[in-house]
K.L.:
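What follows is a structure written as structure tokens; I'll ask about it next.
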Amino acid sequence: MERDNEYSVLTGMVDACASGAGGVVLISGPAASGKTALLHRLAAYAATVDAQVLSAAAAAGESEMPLGVFEQLLLDANLSAPPNPADPRPAEDGVKSVLPRLVRILLSRARKQPLVVVVDDVHHADRGSLDGVLYLIRRLESGGVLVVLTQSTSHLGDRPGLRAELPHRPDFRLLRLAMLTPCGVARMAAAAIPERRARPDAAELYRLSGGNPFSSGRCWTRRWTAGPAAPPGTPTARR
């Protein structure tokens, strides 16, 4: 709901990727504004144009794990290229030395099939993986790769290098998500709550959810789908 414009931009960039172009998208929005749900829709669409999606989700508890995000991407591609454990250099230098090899692995995959690389909550990514994502982005001219990142607006200052570099790229798009409007809340409620049940007031739903799509899709369903059926003749919300 209320994400049609953003979804249209994403599908257009997937189509361009399938035609051999490169690109990068940053989806920014408050927590629980629907960023991850939009990624799921994107992945489903990418499959329809025979593009491979490699996904990773960064987490605050793993932000110190070297190349944790990149490891997820490689595992998603059924690939493996760990750093050499016998490398005597300091850990940070060892990570930097292996990044070109990891990126080459991804780019080689893109030569066989359009590739969509997705990193959810990139603000929690470990430093090595973030460097790797930027290293990959700088080499998108080879084509066939779309990089899609999400970032919470409450963490905009956590990765200044990312926000400083991306806007200067001609293939970059920034998508800003807001919470649902009262109209969007009403539409989601109409889709989530069976017509045989009494529909709660849209203003009440908005007050309870604050426009949070997660609450719209989960909490309301639990609360109102289990309630009493609407009396005969009760009007239902129009879809």
Side-chain angles (χ1 to χ4, degrees), residues 10-11 13-27 36 39-40 42-59 61-151 159 161-162 165-166 168-173:
L10 290 171
T11 55
M13 296 192 76
V14 170
D15 290 340
C17 172
S19 298
V24 56
V25 184
L26 178 63
I27 304 173
T36 301
L39 293 182
H40 291 163
L42 169 67
Y45 180 80
T48 68
V49 296
D50 197 33
Q52 182 178 17
V53 179
L54 304 182
S55 299
E62 299 177 0
S63 60
E64 301 300 323
M65 183 181 298
L67 294 178
V69 168
F70 245 82
E71 181 182 18
Q72 292 182 55
L73 295 175
L74 294 175
L75 290 174
D76 213 18
N78 295 317
L79 299 170
S80 179
N84 183 359
D87 195 326
R89 288 171 291 185
E92 185 174 331
D93 290 343
V95 167
K96 289 181 179 179
S97 71
V98 82
L99 283 179
R101 181 158 57 101
L102 299 182
V103 170
R104 282 197 299 271
I105 290 173
L106 296 181
L107 291 177
S108 66
R109 179 59 64 93
R111 286 193 287 270
K112 303 174 183 177
Q113 184 181 17
L115 190 62
V116 179
V117 177
V118 173
V119 180
D120 199 8
D121 290 337
V122 70
H123 48 277
H124 289 318
D126 61 278
R127 181 175 176 179
S129 291
L130 184 62
D131 288 343
V133 168
L134 289 173
Y135 190 94
L136 172 63
I137 289 172
R138 296 182 193 118
R139 285 151 183 82
L140 292 182
E141 288 75 12
S142 59
V145 181
L146 173 64
V147 178
V148 183
L149 314 171
T150 72
Q151 183 179 34
R159 294 291 184 262
L162 188 71
E165 182 168 338
L166 294 185
H168 299 289
R169 297 189 56 87
D171 55 2
F172 170 69
R173 293 295 301 269

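What's counted below: heavy atoms across the whole structure, side chains too, no hydrogens, waters or symmetry copies.
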K.L.:
From Glu71 CD over to Asp126 CG, what is the distance, rounded to the nearest 0.5 angstrom?
P.N.:
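It is 10.0 Å, given to the nearest 0.5 Å.
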
K.L.:
Within the structure provided, determine whether Gln151 and Leu26 are in side-chain contact (heavy-atom separation under 4.5 Å).
P.N.:
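The answer is yes; the side chains approach within 4.5 Å.
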
K.L.:
In plain terms, say whether Glu64 and Arg127 are close enough for a salt bridge, that is, a side-chain N and a carboxylate O under 4.0 Å apart.
P.N.:
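Here Glu64 does not pair with Arg127 in a salt bridge, since their nearest N and O are not under 4.0 Å apart.
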
K.L.:
Could you check whether any side-chain heavy atom of Leu162 comes within less than 4.5 Å of a side-chain heavy atom of Leu130, counting everything from C-beta outward?
P.N.:
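A side-chain contact exists here, since the closest heavy-atom pair is under 4.5 Å.
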
K.L.:
Do Leu149 and Ile27 have side chains that get closer than 4.5 Å, going by heavy atoms?
P.N.:
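In short, these two side chains do not touch, never coming nearer than 4.5 Å.
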
K.L.:
Please check if the side chain of Ser19 supplies one atom and the backbone of Asp15 the other of a donor-acceptor pair under 3.5 Å.
P.N.:
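Yes.
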
K.L.:
Distance from His40 atom NE2 to Ser55 atom OG, nearest 0.5 Å?
P.N.:
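So the NE2 of His40 and the OG of Ser55 are separated by 7.5 Å.
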
K.L.:
Less than 4.5 Å apart, any side-chain heavy atom of Val145 and any of Val147?
P.N.:
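The answer is yes, as the side chains (C-beta and beyond) meet within the 4.5 Å cut-off.
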
K.L.:
As an exercise, state the distance from CG of Leu10 to CZ of Arg173, rounded to the nearest 0.5 Å.
P.N.:
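Separation between the atoms: 9.0 Å.
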
K.L.:
Once side chain to side chain donor-acceptor pair (under 3.5 Å) is applied, do any residues pair with Thr36, and if so which ones, sequence neighbours excluded?
P.N.:
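Here the qualifying residues are Asp120.
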
K.L.:
Short question: side chain of Thr150, backbone of Asp121 - any donor-acceptor pair under 3.5 Å?
P.N.:
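Checked: pair present.
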
K.L.:
Which atom pair, heavy atoms only, marks the closest approach of Val116 to Ala51?
P.N.:
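Answer, listing the atom of Val116 first, then Ala51: CG2-CB, 4.2 Å.
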
K.L.:
Test Leu54 against Leu115 for side chain to side chain contact (heavy atoms under 4.5 Å, CB included), laying out the working first.
P.N.:
CA-CA 7 Å; Leu54 304 182; Leu115 190 62; 3.6 Å; yes

K.L.:
Any chance you could measure Thr48, atom OG1, to Asp50, atom CG, to the nearest 0.5 Å?
P.N.:
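Interatomic distance, Thr48 OG1 to Asp50 CG, rounded to 0.5 Å: 9.5 Å.
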
K.L.:
Can you find a heavy atom in the side chain of Leu74 that is under 4.5 Å from one in the side chain of Gln72?
P.N.:
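They are not in contact (no side-chain heavy atoms under 4.5 Å apart), so the answer is no.
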
K.L.:
Applying side chain to side chain contact (heavy atoms under 4.5 Å, CB included) to Val14 and Val49, what does each step give before you reach the verdict?
P.N.:
CA-CA 8 Å; Val14 170; Val49 296; 3.6 Å; yes

K.L.:
Between OG of Ser129 and CG of Leu134, what distance do you get to the nearest 0.5 Å?
P.N.:
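Between Ser129 OG and Leu134 CG, I get 11.0 Å after rounding to 0.5 Å.
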
K.L.:
Quick check: do Val148 and Val24 have side-chain heavy atoms less than 4.5 Å from each other?
P.N.:
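No, side chains not in contact.
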
K.L.:
Indicate the atoms forming the closest heavy-atom contact of Arg169 with Glu141, along with that distance.
P.N.:
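Here Arg169 and Glu141 meet closest at NH2-OE2, 3.6 Å.
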
K.L.:
Could you tell me which non-hydrogen atom of His124 sits nearest to which non-hydrogen atom of Ala58, and how far apart they are?
P.N.:
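Closest pair (atom of His124, atom of Ala58, distance): C-CB, 3.6 Å.
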
K.L.:
Please report the closest heavy-atom contact between Phe70 and Val133, naming both atoms and the distance.
P.N.:
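That closest heavy-atom pairing would be CE1-N, 3.6 Å.
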
K.L.:
Is the NZ or CZ atom of Arg139 both under 6.0 Å from the centre of the six-membered ring of Tyr135 and within 45° of that ring's axis?
P.N.:
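Yes, Arg139 sits over the ring of Tyr135.
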
K.L.:
Extract all donor-acceptor atom pairs below 3.5 Å that involve side chains of residues 102-110 and protein atoms in other chains or at least two apart in sequence.
P.N.:
from, atom 1, to, atom 2, distance (Å)
Ser108, OG, Arg104, O, 3.3
Ser108, OG, Ile105, O, 2.6
Arg109, NH1, Gln52, OE1, 3.2
Arg109, NH2, Ala77, O, 3.3

